[in-house]
There are 2 protein chains.
Amino acid sequence: MIISKTLDYAVRTLIYLGKQPSRRSILMKEIAENQKIPLSYLAKVMRQLVKAGIIFSEFGPNGGYSLKKMPSEITLKQVYEAVEGELKMIECFDTPGSSCVFTSCCGQADIWHEVEAKLIKILENITLQDVIERDCIYPEKVLTINKQNTLINKQERKNANT
Amino acid sequence: MIISKTLDYAVRTLIYLGKQPSRRSILMKEIAENQKIPLSYLAKVMRQLVKAGIIFSEFGPNGGYSLKKMPSEITLKQVYEAVEGELKMIECFDTPGSSCVFTSCCGQADIWHEVEAKLIKILENITLQDVIERDCIYPEKVLTINKQNTLINKQERKNANT
DNA sequence: TAATTTTGGACTTTATATATCCACGATGTA
DNA sequence: TACATCGTGGATATATAAAGTCCAAAATTA
Ligand code: SF4
Ligand code: SF4
């Protein structure tokens, strides 16, 4: 019942991205160095975050990562499930592979399900924005993007440069 | 963030003990067979429950285990901590050995601490009584003991037999 | 004393989390 | 096109923790 190192890495990465004053892409290498995360392991975590639709990745020179949503739209539940898979307190229910002989008659499973539901609700109500605001080094310029801009990125930078 | 097998064993054991109509001692072997738990592993779990003051153990013939408190006085938090140790979401705080470079400046730790506090509160508000009542085979006679009797056990049985 | 049952700890096995590696695919620049 | 940059994907290794086993010692009863 403890936050894994992997999840810690993921949250720190998102904090780092969320704190960027502009939406430029950040190199994985920069994150790894700044956050003291093994680069080759971070690569894996990043992939999971991309796959979950939380961050945005770009190849090649000037490539890197950026948030795909506003910090206030990213919940801890999303981040948790991006790296750990679906949040389940106990495996016996909703799990095809499991085969506990007591499944059909167990008060415990019910109870854990209720706890699970409450925990999920808690995590759904905490956003990356909340986490960043709690950070002691709170940047003056926090990333705030219009929903319309969510998918613009390199293009934006290109236009800005001309 | 999943209930370990060990905790599942512990709760099932307590349900089994709590369902006993009288306060007689139950053999570890009986629990292991009834609950399909490896005997030699269960032995370890029982020790932890004894150590935590949740159950009562007696040596020798007619020995075995029984609840030390009423089901309504045993919370899931107690059971959790009996087998898993103190419930902590994240290690960086309150842990002397830990040495995260960000400890002094991390919004994440704060947040997890809040989640931890909420989760603990939830687990403190669920008792073994609640779990047993949720069980589909709810015994007519549920174990209910006066607080005064908490420590009487074998003596009780002896008197009853004469 | 002998039988019974828990206790304590050392030990092994198995599973999971964490970390590493390298060849490949996508992109930008010249 | 050629080349440098940077993320992707999967295979593999290592470390750590969970789960399970075993046996001799201690406590109790008869
Ligand atoms: S005993 Fe109950 S809670 Fe435990 S695995 Fe079986 S069904 Fe689930
Ligand atoms: S980064 Fe923050 S939450 Fe993570 S271990 Fe360090 S202090 Fe704790």
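Naming convention: chains lettered A, B, ... in sequence-line order (proteins, then strands); numbering from 1 in each chain.
Atom CD1 in A:I2 sits about 11 Å away from atom P in C:dT18, given to the nearest Å. Going from atom CD of A:Q48 over to atom P of D:dG9 covers 12 Å, rounded to whole Å. Going from atom CG of B:L39 over to atom P of D:dC22 covers 11 Å, rounded to whole Å.
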Got a list of side-chain donor-acceptor pairs under 3.5 Å for residues 7-18 of chain A, not counting sequence neighbours?
unit_1 : atom_1 : unit_2 : atom_2 : d
A:D8   : OD1    : B:Q108 : NE2    : 3.1
A:D8   : OD2    : A:R12  : NH1    : 2.6
A:R12  : NE     : A:Q35  : OE1    : 3.1
A:R12  : NH2    : A:Q35  : O      : 2.3
A:T13  : OG1    : A:Y9   : O      : 2.8
A:Y16  : OH     : A:E30  : OE2    : 2.5

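Checking side-chain atoms of A:E116 against main-chain N and O of A:M89 turns up a donor-acceptor pair under 3.5 Å. In this structure a side-chain-to-backbone donor-acceptor pair under 3.5 Å is missing from B:E84 to B:E81.
When all heavy atoms of B:L39 and B:M28 are compared, the pair lying nearest together is CD1-CG, 3.9 Å. Annotation for B:S57 and B:Y65: closest pair CB-CE2, 3.6 Å, computed over non-hydrogen atoms. Between A:A82 and A:L49 the shortest heavy-atom distance is CB-CD2, 4.1 Å.
Among pairs with a residue in residues 42-53 of chain B, none fulfils side-chain hydrogen bond (donor to acceptor under 3.5 Å, both in side chains), at least two apart in sequence or across chains.
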Polar-atom pairs under 3.5 Å, protein N or O versus N or O of nucleotides 16-19 of chain D: list them with distances, or write none.
unit_1 : atom_1 : unit_2 : atom_2 : d
D:dA19 : OP1    : B:K5   : N      : 3.1
D:dA19 : OP2    : B:T6   : OG1    : 2.6

Set out, line by line, the N/O atom pairs under 3.5 Å between protein and nucleotides 13-15 of chain C.
none

### Query
For every nucleotide of nucleotides 3-8 of chain C, 5' to 3': is a protein heavy atom under 4.0 Å from its base (B), only from its sugar-phosphate (S), or from neither (-)?
-BBBSB
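Side-chain contact between B:E58 and B:N62 is absent, with no heavy atoms from C-beta onward closer than 4.5 Å. You'll find the side chain of A:I126 reaches within 4.5 Å of the side chain of B:I111, heavy atoms only.
Residues meeting the side-chain hydrogen bond (donor to acceptor under 3.5 Å, both in side chains) test with A:T127, sequence neighbours left out: A:D130.
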